[in-house]
Protein chains: 2
Amino acid sequence: MYLALLYENVRPLLIAVDCIIFGVQDTELKLLIFKREVEPLAGAWSLLGSFVNRDESVDTAAERILFELTGLEDIYMEQLHCYGALDRDPGGRVVSIAYWSLIRVDQNHLEFNVRSHEAKWVSLDKIPDLVLDHRDMVERAIANLREKARFKPVGFELLPEEFTLGQLLKVYEAIFDHPIDSRNFRKKLLNSGLLIPLTKKDKSTSKKGSFLYKFNQETYRQLSQEGYNFGF
Amino acid sequence: MYLALLYENVRPLLIAVDCIIFGVQDTELKLLIFKREVEPLAGAWSLLGSFVNRDESVDTAAERILFELTGLEDIYMEQLHCYGALDRDPGGRVVSIAYWSLIRVDQNHLEFNVRSHEAKWVSLDKIPDLVLDHRDMVERAIANLREKARFKPVGFELLPEEFTLGQLLKVYEAIFDHPIDSRNFRKKLLNSGLLIPLTKKDKSTSKKGSFLYKFNQETYRQLSQEGYNFGF
DNA sequence: CCAAAAGTGTTCCGAATACACCCATGA
DNA sequence: TCATGGGTGTATTCGGAACACTTTTGG
């Protein structure tokens, strides 16, 4: 074991993870927030968080709390930032590792789990006061999501397996919070090789019906690495 | 204090910071590495690291270790990633927060401090084996530096107050590791508003001498926020 | 006078942008 | 038949990329 432990001022610290969860609902980008369960500040709005157990990695802890909430594994997740200020938590010295994730709001059990925890989806421009430095975390996460979305195909993580171009367009409008020209969007996406056209149509949103697509996983991986300009 | 502390498996953990230090030497991007001083693995090459004291923030800890080494404050520094795998350190469970920084190799005292610690600058393609997961950290840092350098004016952090366009070009060639057309580079940079031309010339590298510039701090800050395409 | 680095303009191409109408269909 | 969302093509502009010669001066 490390000699450092012998020194008085080098002491282990509590480590937490907090998770900024984004989803698209009603063509708007939303944030999932929770009623905090532990003191201090129990009952206030908060991000989903938990302490890191000593027998799990930090990443695993983040996956665990998301799993406990959503029942889903393999959720898209990015480590955001370590928040390590001295006074960030009045309950004691806690260092928090923030993650953000994108989830498909319509997925099985999600509705149920969200209801059974005290949670709700909120628009990004109507976020209530959050405990501790959670507001900072959310702002950094939004900036990070937008930055990432400009060059990596993350928009797809918010959609179901099969989706229409209109849905995809709305996801990007939700992320960037401004309107996108549909002709340019279609042209670019269809030429990107990211989309595999299906023969089925989705008739739920229009009389005419619109073609469904799914992702080309191969191209997806490639563009994730190389980067691609998703600025519109 | 948190109830969580009562649970057996939620225990405080040791937190360390590790710092990936980049500098430009002989027109090449280099990494500063150190002989590790603590067991286990004392004597092996390593990044500069230290434990986080309980009376300092994580960011402060990172600044402290850089200050102890270089004697410099206000060094450009970015938090990179939290490394929290269970088995990353054979000496015990340690979570490490990695930072990378850019320093001006020619600065006062730096040479002295580097020599007095057992440290050396190495080319990125000749990095020896490093302890623990430090190699991963370096690779992530290089990727992060290149990504950042494409859109933020970070190249300037590696140069002295006054510099020539040739020096700046070489910094970018060093970061991106490929040659850049000097005419396009000059055009773009001179139009960016980032450079304030001085009347002095630097004659150390050529008979003709080349004009010196300094940064326009105002534009620098602005472009840091808004982003600017530094891809060449 | 020559070697070595500094400095300078133009053309070309591709990608992003702006923009307006027809189509299919269920109600 | 009409309201609703789906689908399509072209012209323009801007920025990035490619490219070669002249200038200065210390040695």
Side-chain angles (χ1 to χ4, degrees), chain A residues 24 26-28 146 149-151 153 155 159 162-176 178-214 223 226-232, chain B residues 26-27 146 149-151 153 155 159 162-213 223 226-232:
Chain A
V24 170
D26 306 328
T27 77
E28 201 187 351
R146 292 200 171 131
R150 286 185 69 83
F151 300 103
L159 289 175
E162 305 184 342
F163 55 91
T164 68
L165 271 172
Q167 285 176 282
L168 186 59
L169 179 116
K170 278 170 181 156
V171 164
Y172 276 99
E173 288 185 324
I175 292 176
F176 295 128
H178 68 72
I180 297 170
D181 183 281
S182 77
R183 287 162 294 188
N184 295 334
F185 183 82
R186 300 174 81 85
K187 222 183 313 168
K188 190 160 169 181
L189 265 292
L190 290 172
N191 287 329
S192 71
L194 273 167
L195 304 180
I196 299 174
L198 304 177
T199 50
K200 287 182 280 182
K201 281 196 168 193
D202 170 29
K203 299 206 140 198
S204 65
T205 54
S206 80
K207 333 252 167 161
K208 188 178 176 181
S210 61
F211 280 107
L212 288 162
Y213 295 84
K214 56 179 191 175
L223 293 191
E226 297 170 10
Y228 181 77
N229 189 352
F230 286 92
F232 296 103
Chain B
D26 307 327
T27 78
R146 291 198 172 133
R150 285 186 68 84
F151 300 104
L159 288 175
E162 305 184 343
F163 56 91
T164 68
L165 271 172
Q167 284 176 282
L168 185 60
L169 178 115
K170 278 171 182 156
V171 164
Y172 276 99
E173 287 185 325
I175 292 176
F176 295 128
D177 194 28
H178 67 73
I180 297 170
D181 182 281
S182 76
R183 286 162 294 186
N184 294 334
F185 183 83
R186 302 174 82 85
K187 223 183 313 166
K188 191 159 169 184
L189 265 292
L190 290 172
N191 287 330
S192 71
L194 273 167
L195 303 181
I196 299 173
L198 304 177
T199 49
K200 288 182 279 181
K201 280 197 168 193
D202 170 29
K203 299 206 139 200
S204 65
T205 53
S206 80
K207 333 253 165 158
K208 190 178 176 180
S210 61
F211 280 107
L212 288 162
Y213 294 84
L223 293 192
E226 297 171 11
Y228 181 78
N229 189 351
F230 286 92
F232 295 103

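Letters go in sequence order (proteins before strands), and every chain restarts at 1.
Annotation: cation-pi geometry not satisfied between A:K214 and A:F163 (NZ/CZ under 6.0 angstrom from ring centroid, within 45° of ring axis). In this structure, A:K200 fails the cation-pi test against A:F211, since its NZ or CZ atom is not both closer than 6.0 Å to the six-membered ring centre and inside 45 degrees of the ring normal.
A donor N or O paired with an acceptor N or O is found under 3.5 Å between the base of C:dA18 and the side-chain atoms of A:N184. Side chain B:K203 to base D:dT24: no donor-acceptor pair is found below 3.5 Å. For D:dT10, its base sits under 3.5 Å from the side chain of A:K187 at one donor and acceptor pair at least.
Rounded to an integer number of Å, the gap from CG of B:L190 to P of D:dG15 is 16 Å. For the pair A:N191 CG and D:dT8 P, the interatomic distance rounds to 12 Å; values are reported in whole Å. Remark: C1' of D:dT8 and CG of A:L169 are 15 Å apart, rounded to the nearest angstrom. Atom CG in B:D202 sits roughly 10 Å away from atom P in C:dG7 (whole-Å rounding). Nucleotide D:dG7 holds its P atom 7 Å from the CG atom of A:L165, rounded to whole Å. Between the C1' atom of C:dA6 and the CG atom of B:D181 lies a distance of 14 Å, rounded to the nearest Å. Atom CZ in A:F151 sits roughly 11 Å away from atom P in C:dA16 (whole-Å rounding). When rounded to the nearest whole Å, the span between CZ of B:F176 and P of D:dA17 equals 11 Å.
In the set D:dA20, D:dG7, D:dT23, D:dT23 carries the atom at the smallest distance from any side-chain atom of B:K208. Nearest nucleotide to the A:S206 side chain, out of D:dG26, D:dG5, C:dA16: D:dG5. Of the candidates D:dG16, C:dG7, C:dT8, C:dG7 carries the atom nearest the B:F211 side chain, counting heavy atoms from C-beta on. Considering only side-chain atoms of A:K207, the nucleotide from C:dG7, C:dT25, C:dA16 that sits closest is C:dT25.
Residue contacts shown for A:G166 are absent, as no nucleic acid heavy atom lies under 4.0 Å away.
In terms of modelled atom types and a separation under 3.5 Å, the side chain of B:K208 and the main chain of B:K203 share no donor-acceptor contact.
The heavy-atom pair separating A:S192 from A:Y228 by the smallest distance is CB-OH, 3.5 Å.
Distances shown here put a side-chain N or O of B:R186 below 4.0 Å from the OP1 or OP2 atom of C:dG7.
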One pair to check against side-chain contact (heavy atoms from CB on, under 4.5 Å): A:T27 and A:E173. What are the steps and the verdict? CA-CA 8 Å; A:T27 77; A:E173 288 185 324; over 6 Å; no
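Of the two residues near DNA chain D, B:N229 and B:S182, the one whose nearest nucleotide lies more 5' is B:N229.
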